[in-house]
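Just follow the structure's listing: the first ligand is 1, and inside any ligand the first atom is 1.
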Amino acid sequence: MSELNVITLALPKGRIFEETLPLIRAASIEVLEDPNTSRKLILPTSRPDVQVVLVRATDVPTYVAQGGADLGVVGLDTLIEHSAESGGMDLYQPVDLKIAKCRLSVAVRADFDYAGVVKQGSRLRVATKYTHAAREFFAAKGVHVDLIKLYGSMELAPLTGLADAIVDLVSTGNTLKANQLVEVEHIMDISSRLVVNPASLKIKRVALQPILQAIRDAVACIYIRYRNHA
Ligand code: AMP
């Protein structure tokens with residue numbers, strides 16, 4: 001099948017991958033290999049015209065924006081950082097999939113007087129992977145920060161004296177608790193978004209529209225079921 005007739009969906013392994021499966025199933029797309037056991041990076045699906053490529057979560061926006069994939073699923077946290085660097089005009093974002101939900105928060109050591117530092121207007125050393133979201137949040141609050149870019153294990157930074165605070169994703173709060181950190185600010189709620197390459201949307205509209213609609217309907221259906229059971 002020619003490249004023009006194939007739809008490529010970029011997914012990161014892990015929670016987003018698992019939670020995307022039931023949504024694409026609504027468009028009759030079943031991934032035929034398990035990324036946990038296969039070493040393949042391009043996975044076939046039950047539809048000959050759809051393939052899945054496995055990429056790092058932070059690379060999903062780049063793959064989709066630059067045409068390496070037509071569609072992708074990415075957390076709002078990653079999307080915000082990508083948009084700040086790219087200007088934000090390179091991706092169409094048609095659906096909030098309401099999956100991989102968590103929150104972006106500020107956390108400090110339990111013995112750190114965050115409120116006092118903020119009140120006094122002192123500088124705060126903040127370690128995070130999410131430098132754009134953090135910079136915007138503290139600027140809006142009028143807090144002066146020195147941002148320290150990290151790529152993982154953010155929780156370690158306040159424990160070793162590298163930083164006073166971290167900005168990180170929190171789901172259950174167990175990781176913070178295990179490291180004697182406390183959440184002091186809730187910056188925003190996070191969920192994963194379906195993103196689409198704008199050129200693909202034009203060129204492959206006939207093939208893409210039914211897939212987008214099936215996913216939209218599946219999200220709405222799951223959300224209504226969830227609300228009725230809540
Ligand atoms: P938890 O202990 O459940 O609060 O999870 C916190 C840890 O999991 C932190 O290291 C976060 O960076 C990571 N985490 C939580 N939710 C997500 C998510 N939706 N996507 C990626 N990482 C997450």
Seminar exercise, completed: Per-atom filter on ligand 1: closer than 4.0 angstrom to a heavy atom of R15 are 16 (N), 19 (N)
Exercise. Which atoms of ligand 1 are found less than 4.0 Å from any heavy atom of N174?
Worked result: 2 (O), 4 (O)
Problem set entry | For atom 21 (C) of ligand 1, closest protein heavy-atom neighbour | L169 CD1, 3.6 Å
Problem set entry | Main-chain N/O of K101 paired with R15 side-chain donor or acceptor, under 3.5 Å | yes
Exercise. A100 to ligand 1: N or O pair under 3.5 Å?
Worked result: yes
For this session: Report yes if some heavy atom in the side chain of D164 is under 4.5 Å from a heavy atom in the side chain of Y114; otherwise report no.
Result: no
For this session: Identify the protein heavy atom lying closest to atom 15 (C) of ligand 1, giving its residue, its atom name and the separation to 0.1 Å.
Result: S171 CB, 3.9 Å
Exercise. Under 4.0 Å between a Lys/Arg side-chain N and an Asp/Glu carboxylate O for K141 and E185?
Worked result: yes
For this session: For atom 2 (O) of ligand 1, grab the closest protein heavy atom and report residue, atom and distance to one decimal in Å.
Result: T175 OG1, 2.5 Å
Problem set entry | Taking atom 10 (O) of ligand 1 as the reference point, the nearest protein heavy atom with its distance | E155 OE2, 3.3 Å
Exercise. Should K177 be listed as contacting ligand 1, given a heavy-atom distance under 4.0 Å as the test?
Worked result: no
For this session: For the pair D168 and K129, find out whether any cationic side-chain nitrogen is under 4.0 Å from an anionic carboxylate oxygen.
Result: no
For this session: Scan V195, L194, V64 and name whichever one has a side-chain contact (heavy atoms from CB on, under 4.5 Å) with V73.
Result: L194
For this session: Test R103 against D189 for salt bridge (Lys or Arg N to Asp or Glu O under 4.0 Å), laying out the working first.
Result: CA-CA 4 Å; R103 55 194 184 273; D189 288 326; over 6 Å; no
Exercise. Under 3.5 Å, N or O to N or O, is G173 touching ligand 1 that way?
Worked result: yes
Exercise. Closest non-hydrogen protein atom to atom 12 (O) of ligand 1, residue and atom name please, with distance?
Worked result: D168 OD1, 3.2 Å
Exercise. At what distance is the nearest protein heavy atom to atom 3 (O) of ligand 1, and which residue and atom is it?
Worked result: T172 OG1, 2.6 Å
Problem set entry | D146 bridged to R125 by N-O distance under 4.0 Å | no
For this session: Please identify which atoms of ligand 1 are closer than 4.0 Å to at least one heavy atom of V170.
Result: 4 (O)
Problem set entry | Side-chain donor-acceptor contact under 3.5 Å, S38 with E33 | yes
